Novice: 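Okay, here's the structure, questions in a sec.
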Amino acid sequence: MTYEPVTLRPGAPEAVPLCALWRYPVKSLGGERLTGADVWPEEPLPGDRAWAIRDDATDEIISAKRDPRILYAWATTHDDGVSVSVPGLASPVPVAEAGPTLSAWLGRRVSMCDTSSLRPETTFDFGFRVDLGSRSYGDSGNVLHLVSTATLQALGDLVPGITPAEAVRRTRPNLVVDLGPEPFAEDQPAGSTLMVGEVELEVVGQTGRCTMVDRDQPGVPRAGLLDLLTERRGGALGVYVTVRQRGRLEVGVEPEVEVGP
């Protein structure tokens, strides 16, 4: 099934409900669902992908594209900082001290690094280099990833059995919004604006997908989603947006479909 982008109402954007808000404190690890957050242009979601795992032997930043096992670990923010949990570990460990724990679990020497300290010449897995002036470190800096509830629902048409809750795990959005019943309504031209609560967002472009959407993780088996997205949607799903002015995002409505644990 193929869907066409929906044209949002021209003129001043109408506020749309925020159904879920997600933050991923450590790149490629499981994240946390929030009820609200202050956002601003320079740092759209404070603490999102603020840490990464570094391979000590190669000095490369590791993502789940290279080592999918790290999707089985997760990170959580507390009043005293971020902690990391891994399978079989009795209790979480502070993120800055998680290197030895992750090394023992992965069977390779790794360490944690604060992404704000990465050098511009840092190499990422597969030899990928990015402009760290935007703090992108492989995840497109200064933007948030947005999908709609109808888009998450539509993934079940592409791969039967994928629920919206599983689709959130696979696509790892920051914002899940209600844009009505038509799937892929978020596919708007760059420069389009969208009000989510009191926060005005600007569409930067579509989100290109990678092998992450097919990786297995706790409660989520392997899938053949990437090939279908490549064939039917040019490999894209969801959009990147920037924050146009400082404001507060609050989850204000329960979606009709479950969008995550």
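Note that the coordinates shown come from a computational prediction; the quantities given were computed from them, not determined experimentally.
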Novice: Between Trp74 and Val26, is there a shared hydrophobic cluster once you connect ILVMFWY residues whose side-chain heavy atoms come closer than 4.5 Å?
Specialist: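 Unlinked, Trp74 and Val26 end up in two clusters.
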Novice: Quick one: are Cys113 and Trp51 in side-chain contact, heavy atoms under 4.5 Å?
Specialist: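 Answer no - side chains too far apart.
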Novice: Rounded at 0.5 Å granularity, tell me how far CZ in Arg23 sits from CG in Leu144.
Specialist: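 Result: 12.0 Å between the selected atoms.
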Novice: Are any of the side-chain nitrogens in Asp216 or Arg222 under 4.0 Å away from the carboxylate oxygens of its partner?
Specialist: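 The answer is yes: the pair qualifies as a salt bridge.
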Novice: Taking all heavy atoms of Gly197 and all of Ala15, pick out the closest pair and write down the distance.
Specialist: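 Looking at all heavy atoms of both residues, the shortest contact is O-CB, 3.9 Å.
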Novice: Would you please say whether a donor-acceptor pair under 3.5 Å links the side chains of Ser148 and Glu186?
Specialist: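 Side chains of Ser148 and Glu186: pair found under 3.5 Å.
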Novice: Out of curiosity, does Val16 fall in the hydrophobic cluster containing Leu45 (side-chain heavy atoms, cut-off under 4.5 Å, transitive links)?
Specialist: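 Yes, Leu45 connects to Val16 through the hydrophobic network.
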Novice: Less than 4.5 Å apart, side chain to side chain, heavy atoms only: is that true for Ile53 and Leu29?
Specialist: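 The answer is yes, as the side chains (C-beta and beyond) meet within the 4.5 Å cut-off.
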Novice: Between Met112 and Gly99, which heavy-atom pair has the shortest distance, and what is it?
Specialist: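 Heavy-atom minimum between the residues: CG-N, 3.9 Å.
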Novice: Determine, using the 4.5 Å side-chain heavy-atom cutoff (strictly less than), whether Leu229 and Val176 are members of one ILVMFWY cluster.
Specialist: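 In one cluster: yes.
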Novice: Can any side-chain N or O of Ser28 pair as donor or acceptor with the backbone N or O of Ala64 at less than 3.5 Å?
Specialist: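 Yes, because the side chain of Ser28 sits within donor-acceptor range (under 3.5 Å) of the backbone of Ala64.
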Novice: Do Leu201 and Thr242 pass the side-chain contact (heavy atoms from CB on, under 4.5 Å) test, and can you show the C-alpha distance, the side-chain angles, and the key distance before you say yes or no?
Specialist: CA-CA 6 Å; Leu201 306 174; Thr242 57; over 6 Å; no
Novice: For the side chain of Ser192 and the backbone of Gln188, is there at least one donor-acceptor N/O pair under 3.5 Å apart?
Specialist: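 No; judged by distance alone, with no hydrogens or angles, the pair does not exist.
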Novice: For atom CZ of Arg108, is the number of surrounding heavy atoms from other residues, nucleotides or ligands below 6.0 Å larger than 12?
Specialist: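 Yes, CZ of Arg108 has more than 12 neighbouring heavy atoms, counting only those of other groups under 6.0 Å.
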Novice: Given the rule that I, L, V, M, F, W and Y join up when any side-chain heavy atoms are under 4.5 Å apart, are Leu226 and Val220 in one cluster?
Specialist: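 No, separate clusters.
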Novice: How close do Cys19 and Arg33 get, counting heavy atoms only, and between which atoms?
Specialist: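 Heavy atoms only, the tightest pair is O-NH2, 3.6 Å.
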Novice: Are Thr101 and Val86 packed together at the side-chain level, in the sense that at least one heavy-atom pair is separated by less than 4.5 angstrom?
Specialist: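 Counting from C-beta outward, Thr101 and Val86 do come under 4.5 Å.
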Novice: Any sub-3.5 Å donor-acceptor pair from Arg246's side-chain atoms to Trp40's backbone N or O?
Specialist: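 No; judged by distance alone, with no hydrogens or angles, the pair does not exist.
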Novice: Looking at Thr207, Leu237, Asn174, which hits side chain to side chain contact (heavy atoms under 4.5 Å, CB included) with Val147?
Specialist: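 In the set Thr207, Leu237, Asn174, the residue that makes a side chain to side chain contact (heavy atoms under 4.5 Å, CB included) with Val147 is Leu237.
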Novice: Taking a hydrophobic cluster as the set of Ile, Leu, Val, Met, Phe, Trp and Tyr residues connected by side-chain heavy atoms closer than 4.5 Å, whether directly or through intermediates, do Ile162 and Val213 fall within one such cluster?
Specialist: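 Same cluster: Ile162 reaches Val213 through Ile, Leu, Val, Met, Phe, Trp or Tyr contacts under 4.5 Å.
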Novice: Measure the CG-CG distance between Leu21 and Leu34 for me, rounded to the nearest 0.5 Å.
Specialist: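 Rounded to the nearest 0.5 Å, the CG-CG separation comes to 4.5 Å.
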Novice: Can you tell me if Arg244 uses its side chain to pair, donor with acceptor, with the backbone of Glu202 under 3.5 Å?
Specialist: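 Side chain of Arg244 to backbone of Glu202: no pair is present.
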Novice: Are the side chains of Leu152 and Thr171 in contact, using a 4.5 Å heavy-atom criterion?
Specialist: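 They are in contact (side-chain heavy atoms under 4.5 Å apart), so the answer is yes.
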Novice: Are the side chain of Asp55 and the backbone N or O of Val110 linked by a donor-acceptor pair below 3.5 Å?
Specialist: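 Here the side-chain-to-backbone pair does not exist.
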Novice: Give, for atom OG1 of Thr163 and atom CG of Leu155, the distance between the pair rounded to the nearest 0.5 Å.
Specialist: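 Thr163 OG1 to Leu155 CG: 10.0 Å, rounded to 0.5 Å.
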Novice: Side chains of Thr115 and Lys27, heavy atoms from C-beta outward: is any pair under 4.5 Å?
Specialist: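 Of all side-chain heavy-atom pairs linking Lys27 with Thr115, none is under 4.5 Å.
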Novice: Give a yes or no on whether the backbone of Pro17 and the side-chain of Asp178 come within a donor-acceptor separation of less than 3.5 Å.
Specialist: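 Side chain of Asp178 to backbone of Pro17: no pair is present.
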Novice: How far does CG of Leu102 sit from CD1 of Ile70, to the nearest 0.5 angstrom?
Specialist: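 Going from CG on Leu102 over to CD1 on Ile70, the span is 8.5 Å.
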Novice: Is the backbone of Trp22 close enough, under 3.5 Å, to the side chain of Glu32 for a donor and an acceptor to pair up by distance?
Specialist: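 Answer holds: no.
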Novice: Looking at Arg69 and Leu106, would you say the former's side chain and the latter's main chain have a donor-acceptor pair under 3.5 Å?
Specialist: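 Between the backbone of Leu106 and the side chain of Arg69 there is a qualifying donor-acceptor contact (under 3.5 Å).
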Novice: Of the non-hydrogen atoms in Gly30 and Tyr24, which two are nearest, and what is the gap between them?
Specialist: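 Nearest heavy atoms, Gly30 then Tyr24: C-CD2, 4.4 Å.
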Novice: For side-chain contact (heavy atoms from CB on, under 4.5 Å), just list the numbers for Arg172 and Leu71, CA-CA rounded to whole Å, side-chain angles, deciding distance to a tenth of an Å, and then say yes or no.
Specialist: CA-CA 11 Å; Arg172 298 168 65 86; Leu71 281 170; 3.8 Å; yes
Novice: Considering only heavy atoms from C-beta outward, does the side chain of Val239 approach that of Val241 to under 4.5 Å?
Specialist: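 Touching, per the 4.5 Å side-chain cut-off.
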Novice: Atom CE in Met212, atom CG in Leu225: separation rounded to 0.5 Å?
Specialist: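 Between Met212 CE and Leu225 CG, I get 13.0 Å after rounding to 0.5 Å.
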Novice: What pair of heavy atoms forms the shortest contact from Val243 to Pro44, and how long is it?
Specialist: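 Scanning both residues, the minimum pair turns out to be CG2-CB, 3.9 Å.
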Novice: With rounding to the nearest 0.5 Å, note down the distance linking OG1 in Thr35 to CG in Leu249.
Specialist: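 Interatomic distance, Thr35 OG1 to Leu249 CG, rounded to 0.5 Å: 11.0 Å.
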Novice: Are His78 and Ser83 packed together at the side-chain level, in the sense that at least one heavy-atom pair is separated by less than 4.5 angstrom?
Specialist: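 Touching, per the 4.5 Å side-chain cut-off.
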Novice: Where is the tightest heavy-atom contact between Glu250 and Gly36, given as atom of each residue plus distance?
Specialist: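 Shortest heavy-atom separation between Glu250 and Gly36 comes out as OE1-CA, 3.9 Å.
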Novice: Is Arg215 reaching over with its side chain to a backbone N or O of Lys65, donor-acceptor style, under 3.5 angstrom?
Specialist: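 Yes: the side chain of Arg215 pairs with the backbone of Lys65.
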Novice: Taking side chain as C-beta onward, heavy atoms only, is Glu60 less than 4.5 Å from Arg54?
Specialist: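 No, every pair of side-chain atoms sits at 4.5 Å or beyond.
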Novice: Is there a donor-acceptor pair closer than 3.5 Å between any side-chain N or O of Thr77 and the backbone N or O of Pro25?
Specialist: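 Side chain of Thr77 to backbone of Pro25: no pair is present.
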